[in-house]
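Structure, as structure tokens:
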Amino acid sequence: MSLWEYANPRKFMATTAPLVPVVSILAGLCLAAGLVWGFFFTPDDFRQGSTVKIIYLHVPAAMMAINAWAMMLVASLIWLVRRHHVSALAAKAAAPVGMTFTMIALATGALWGQPMWGSWWEWDPRLTAFLVLFLFYLGYQALWAAIEDPDSAADLTSVLCLVGSVFAVISRYALLFWNQGLHQGASLSMDAEENVSDVFWLPLVVSIAGFVLLFVALVLYRTRTEIRARRLQALEARERMA
Amino acid sequence: MNALLLRDLKLAIRAGGGFGLALAFFLIVVTLVPFGVGPDTALLSRIAPGILWLGALLACLLSLDRIFALDREDGSLDLLATAPIPLEGVVAVKALAHWLTTGLPLTLAAPGFGLLLNLAPGAYLWLTLGLALGTPALSVIGAFGAALTVGLKRGGLLLSLLVLPLYMPTLIFGAEATRRGAEGIAASTPLALLAAISLFAVALLPFAAAAALRVNLR
């Protein structure tokens, strides 16, 4: 029994078929619990008032926006090294999900920034880095859409994902050099001295779990759709040949 | 490899090669900016470093799709891929030829265009140095983008979407060096970082570009 057995599309489909509804329901429960708890049963912050509650959407979405790209990077590497089609399709499936999380993070950040910083948008390193991440997602998906041959598309997008990851990291540090930050630093780290209070932290953790599960559910669902689409193409091609 | 470099240079310089187009485009961008923001010399002098770098970057972008597209159309790219020199070397030489025909002229012309935008006197040296150090990165990153999109019918627009985000660190450090020069602050830190990006891009990206070319030639 090895992990690579799941690279077989048939095995992957059989294993994920019962998993998708379970993960989806768990994601829904966690999201509902985290958001309801966060929105209605936590106190207002003494300086930010009720705007602090956007944290339950903003932080998990931002975390998953980056993690989705990291997952695409791993999947692309697996495709380039071991040529497992499921891996390439999973990377393709994750891109729109990651892009949507990036958009959620940018939009909720703007909504929070307007009352708190007095502007919808600031050229802060973190904000700008997210805008650039959004552009990377756009380019990645556009390249997938532009190439007809599925294997070439998988190869080229994987190479782009690898190079893009390196440049995304460089850009992140170049931006720190470029402008001073307005965005607050990390306040959820396990090892930090001063962190966000437990009152806000506990519902936030539930909400983060919900976003992780939502991402897994959506990616599984979309990967299954991609595999089915690939099978349909194969069937159609066979019919034309006959 | 020398023969390939000479061939690419000749093709670029002789009629129809597009040599000089990048320079003309750069000039037009620099000319249009005062129409957009007004002829206030103080304002122009403040935004000149950014405009000059942005203009050079866009001018560079303009000629990127020529790096491989023409060779693919007439089949010489297939011959180059089966030639005894490694494909990584072909990519590096073609990026070098692109730099010699766009990056270098842009670098040499930029101080003249800086006069048009009333660039601060202290910035000319840093602008030229920065462009000299930064444009190789633009050419190599562009060659990678061109290799990714060479198989596409209308790859030009996609090419800019893919390449421009990759240009961001180069632009940040390059414009920062010029701005620091204009303000009279030491500009060696951004210049060193700019050189680092160029060296890194020149060392690694030919491999990625060659991998992409192999996929496209399959």
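So you know, we letter chains A, B, ... as the sequences are listed, proteins then strands, and number each from 1. Just so you know, these numbers come straight off a predicted model, no measurement behind them. Only this structure's heavy atoms are used, side chains among them; waters, hydrogens and symmetry mates stay out.
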Does [atom1] belonging to [X] count more than 12 external heavy atoms closer than 6.0 Å?
X      : atom1 : value
B/R218 : CZ    : yes
A/L131 : CG    : yes
B/Y124 : OH    : yes
A/M13  : CE    : yes
B/F200 : CZ    : yes
B/R46  : CZ    : no

If I measure from the heavy atoms of chain A, does [X] come under 4.5 Å with its side chain, its backbone, both, or neither?
X      : answer
B/I141 : side chain
B/L158 : side chain
B/I197 : side chain

Shortest non-hydrogen contact from B/L161 toward A/A142: CD2-CB, 3.9 Å

Shortest non-hydrogen separation from A/V163 to B/A208 and the atoms involved: CG2-CB, 3.8 Å

Intermediate values then yes/no, side chain to side chain contact (heavy atoms under 4.5 Å, CB included), A/F177 and B/T189: CA-CA 10 Å; A/F177 183 85; B/T189 313; 4.0 Å; yes

Partner chain A: residue of B/P190, B/A147, B/A211, B/A201 with the largest heavy-atom pair count (under 4.5 Å): B/P190

Closest-packed option against chain A by number of heavy-atom pairs under 4.5 Å, given B/V215, B/L193, B/N216, B/L162: B/V215

A/L175/B/M168 under side chain to side chain contact (heavy atoms under 4.5 Å, CB included): CA gap, chis, key distance, verdict: CA-CA 9 Å; A/L175 283 166; B/M168 208 188 65; 4.0 Å; yes

Atom group of A/V132 that falls short of 4.5 Å from chain B, counting heavy atoms: side chain

Contact origin within A/L143 toward chain B - heavy atom pairs under 4.5 Å: both

Electrostatic pair B/R214-A/D155, nearest N-O below 4.0 angstrom: no

Heavy-atom pair count under 4.5 Å with chain B, highest-scoring of A/L135, A/T157, A/L160, A/I147: A/L160

Worked check of side chain to side chain contact (heavy atoms under 4.5 Å, CB included) between B/L205 and A/F167: CA-CA 11 Å; B/L205 279 180; A/F167 273 86; 4.1 Å; yes

